Amino acid sequence: MTEKITLLIVDDDQETRELIKRSLSDGHYAFIEAENGSAAIRLLNESQPDLIILDVLMSGIDGFEICRQIRKMDAGKHTPLIMMTSLDDTNSIEQAYEAGASNFITKPFNPTLLNYEIKFLLKTKQTSDKLRDTQRRLETAQRIAKLGHWEWTFNDNKVIWSEEICHIMGFPGSKTSAISHQLVTRIHPEDLIRVKTIIKNAIREKSAYSVEHRMVLPDGSTHNVIQEAEVFVDDNGNPVKMVGTLQDITSRKKTEDKIKTLAYYNKVTGLPNRTLLKRLLNKYLSKNNSKQPISVLTITLDRFKLITDSYGHAFGENLIRKVAIRLIRSLKESSYFSQKNNESIFQKREFDKPLTISHCDRDEFVVILPEISEVDDAALIARNITRALAEPYQISDQEIRVTASIGISVYPVDGRDTDTLLKNSATALYHAKRQGGDGYKFYTAKMNARAFERLTLETSLRKAIDEKQFILYYQPKMMLSTDQLIGMEALLRWNHPELGLIAPGEFINILEKTGLIVPLGEKIIESVCLQIKEWIKQQYKTIPVAINLSPVQLRQKDFHLRLSRILKQNNIKPDMIELEITESTLMNNMDKSITMLKKLRLLGTPISLDDFGTGYSSLTYLKHFPVNSLKIDRSFIQNVTVDPDDAAIVKGVIALAHNMKLKVVAEGIEEPAQLSFLKETNCDFGQGYHYSKPVDVKTFTKLFMQKDHQPPLLVRNDNTGYKK
Ligand code: C2E
Ligand code: MG
Ligand code: MG
């Protein structure tokens, strides 16, 4: 038997109620009756009828008011309600609908029509119940999935969205519409241009898109979302709206990251593991179009097993963590990294971790050195690593010393693919260990020989510093209009016990790569200060001395402080020295260099841009460099009298520099004709063999510092000091 339909009849007239009951006496209905509003509301709550028939005109509260109250109740919100009125006027009908009635009938009513009306309303209710149910289920599902949907109409630029979007985007309350740009404000600034471009393209191409991006909520938290949308067009094919979804995938992302960490990183040090290392090496190899050498360094500790056997596993892990930190620091400090100043390899990140150092297993680390300019650099870095790792470690009150061995393979000579390079690096490591550890070995014998040569030179340079084999030569700087001495440049010479004087071009490079230029550079400044003091003491006129500065020195954050300390200690005024910095140094690392130059300028030390014209700087950059003078490179001066291009360049540079209130020094003046040209073009100062080659301090003092040398002698000595 099918269940009966319960009808609530609300009418203060019993006869009408009976009439309705009789009209609907086909056995499908059960009736409950109320003769006023309050009874109706009570019965509604108790019996939950399927349909209500309500009379409009009743004593007490009228039917319209009862209808309004019913619609406010949970039990009556969606119940079909027919209003019954004897008044057949449109006003009552309108009022009935406004109060929330589903439909109305007029008295006297037609029983057949009433029957159909009831059936129709019940059917409609069934459909709308189903719809509401589906909607509710959808909302619940969307809430669980943190998924919201939105619709953006282009003509009014309005967006409406589901409640879940409010939660995802952190909009207060449950506001469900806004103008489109309010939504854009939540997109992470770094993702904004990308997302906007994708949306614009989708509208232009009338296509769908899917984009993952980050959002910043008002509480400052960052969330990951995925946005998918489709563009809809009108009959003419013009885009009219976009409908899309937005899903918060923050927790999924976190899980993915966790999985990635487990799969790609070593759990003791957090460094990339062998899997990630191989991927990265593959990437470097495939991207290496210029076929630059890439070195692979495999590093293990010597006798690590003995340490874990003696001190235990936890102690061993502790040590490995410290080794990793030292390794990273040593690589960062290697001038190789700082030389690649624009893009240190530590900035090449994937998954937010430095990738060039990987921790493969127990005490095994692998370092990739991509884009190294010389294979020798790999040897130098290996040496720095072994030195750094050999320093004592302090682990739980225990001082411990370990050494490391390194095997090096180099692309392309030792292999062109990841596996071969790793295998050959491991073989080289085996040889390094066999030689007693605490050292490195290349896979190829020839490279070992070259590294040895270089090591010998490095060792001699260290010894040369200790044994004070470096000396300074001085070259005068003249005022061209008067041929008067106005300054000098200190130039470094290595006075080798067997080889005699060696020019800086042969060793500066290695001093820089080993970092030895830093202590030596300070010694040079000190020695210039002492010389100035000596000249002052002997009552010679005080003439400023220019000192050449290496880019490695300039990169020291506290260089200005170190310089200032040396000057103060020697009681030398800052403008008694001048710093020469090559143009290419500035161009390589402009922002940092400019910051340091400004600090130096504040000290009061003039700065000169050396070798100007070779660093490819656009002249417009000049105004950003806080320098006092330019030294036009010798290569331009050499040909000023024969090459019209060089003559034009030199003229142009002088005019421009003067315009910017900079003084100009011409380097390498050798011929009187060159000097005449420079005088004509109003070049301020000059240096070169025409006046004098660089000479030792004794000669310089004799030739240029004598009080009665006005104007000084023109010295045409051939004594460079270098052995022929
Ligand atoms: P620079 O600073 O441009 O120095 C000028 C170079 O040109 C010097 O070479 C000088 O001897 C040479 N020279 C000067 N006049 C003439 C000339 O008329 N004809 C020719 N052919 N050459 C001339 P030097 O002394 O061999 O120095 C070479 C470079 O080494 C210097 O170029 C400078 O960049 C660097 N250097 C020299 N001393 C130091 C130093 O103490 N520290 C640093 N970091 N670098 C230095
Ligand atoms: Mg110079
Ligand atoms: Mg120069």
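All of these numbers come straight from a predicted model, not from anything done at the bench. Scope of the values below: all heavy atoms of this structure, side chains included, with no hydrogens, waters or symmetry mates. Every number for a ligand or one of its atoms is a count from 1 in the order of the listing.
Side chain to side chain, Asn548 and Glu489 meet the donor-acceptor criterion of an N or O pair below 3.5 Å. A donor-acceptor contact closer than 3.5 angstrom is absent between the side chains of Trp535 and Thr542. Between the side chains of Thr403 and Asp302, at least one donor N or O sits under 3.5 Å from an acceptor N or O. A donor-acceptor contact closer than 3.5 angstrom is absent between the side chains of Asp438 and Thr386.
Counting only distances under 2.8 Å, and ignoring water, the protein N, O or S atoms around the Mg ion (ligand 2) are Glu489 OE2, Asn548 OD1, Glu580 OE1, Asp610 OD2.
For ligand 1, the polar-atom distance check against Glu512 finds no nitrogen or oxygen pair separated by under 3.5 Å. Below 3.5 Å of separation, one finds an N or O of Glu670 facing an N or O of ligand 1. For the pair Leu492 and ligand 1, the shortest N or O to N or O distance falls below 3.5 Å.
By the 6.0 Å contact criterion, NZ on Lys679 is enclosed, its count of non-hydrogen atoms from other residues, nucleotides or ligands being greater than 12.
In this structure, Lys631 does not count as a contact residue of ligand 1, since none of its heavy atoms falls inside 4.0 Å of the ligand. Residue Pro694 places a heavy atom under 4.0 Å from ligand 1.
At a heavy-atom cutoff of 4.0 Å, ligand 1 is contacted by the side chain of Gln475 but not by its backbone. Neither the backbone nor the side chain of Gln687 comes within contact range of ligand 1; no heavy atom lies under 4.0 Å. Counting heavy atoms under 4.0 Å from ligand 1, residue Thr582 does not touch it at all. Residue contacts with ligand 1, taken as heavy atom pairs separated by less than 4.0 Å, involve Asp611 solely via side-chain atoms from C-beta onward. With a heavy-atom cut-off of 4.0 Å, Ile669 touches ligand 1 through its backbone alone. Of the heavy atoms in Ser550, both backbone and side-chain atoms come closer than 4.0 Å to ligand 1. Counting heavy atoms under 4.0 Å from ligand 1, residue Glu489 touches it through the side chain alone.
Ser330 pairs with exactly one of Ile385, Ile325, Val367, Ile381 by the side chain to side chain contact (heavy atoms under 4.5 Å, CB included) rule, that one being Ile385.
Close approach of ligand 1 to Ile508 is summarised as follows: ligand atoms under 4.0 Å from at least one heavy atom of the residue are 43 (C), 45 (N), 46 (C). Those atoms of ligand 1 that come under 4.0 Å of a heavy atom in Asp610, given as number and element, are 1 (P), 2 (O), 3 (O). Near Ile524, meaning under 4.0 Å from any of its heavy atoms, are these atoms of ligand 1: 41 (O). Residue-ligand proximity, Gly688 to ligand 1, at heavy-atom distances under 4.0 Å covers atoms 15 (N), 18 (O). Under a 4.0 Å criterion applied to the non-hydrogen atoms of Gly668, ligand 1 contributes the atoms 15 (N), 16 (C), 17 (C), 18 (O). Ligand 1 places these atoms under 4.0 Å from at least one heavy atom of Arg493: 11 (O), 24 (P), 25 (O).
Glu458 and Arg462 are joined by a salt bridge, as a carboxylate oxygen and a charged side-chain nitrogen come within less than 4.0 angstrom of each other. A salt bridge is defined here as a Lys NZ or Arg NE, NH1 or NH2 lying under 4.0 Å from an Asp or Glu carboxylate O, and Glu578 with Lys631 fails to meet this definition.
Scored by the side-chain contact (heavy atoms from CB on, under 4.5 Å) test, Asp684 finds His658, Lys663, Val664 as partners (sequence neighbours excluded).
The side-chain heavy atoms of Arg493 and Asp696, taken from C-beta on, include no pair separated by under 4.5 Å. Side-chain contact between Leu567 and Lys573 is absent, with no heavy-atom pair separated by less than 4.5 Å. You'll find the side chain of Val552 stays beyond 4.5 Å of the side chain of Leu511, heavy atoms only. The shortest side-chain heavy-atom distance between Phe625 and Ile607 does not fall under the 4.5 Å cut-off.
For atom 33 (C) of ligand 1, the nearest non-hydrogen atom from the set Ile502, Ile581, Leu472, Asn548 comes from Asn548. Closest heavy-atom approach to atom 28 (C) of ligand 1 among the candidates Ser692, Ser527, Pro551, Pro504: Pro504.
One N or O on the side chain of Arg326 and one on the backbone of Glu391 form a donor-acceptor pair closer than 3.5 Å.
The shortest heavy-atom contact between Ala432 and Gly439 is CB-O, 4.0 Å.
Taking the six-membered ring where the residue is Trp, Phe704 and Phe700 present tilted rings, their angle falling between 30° and 60°.
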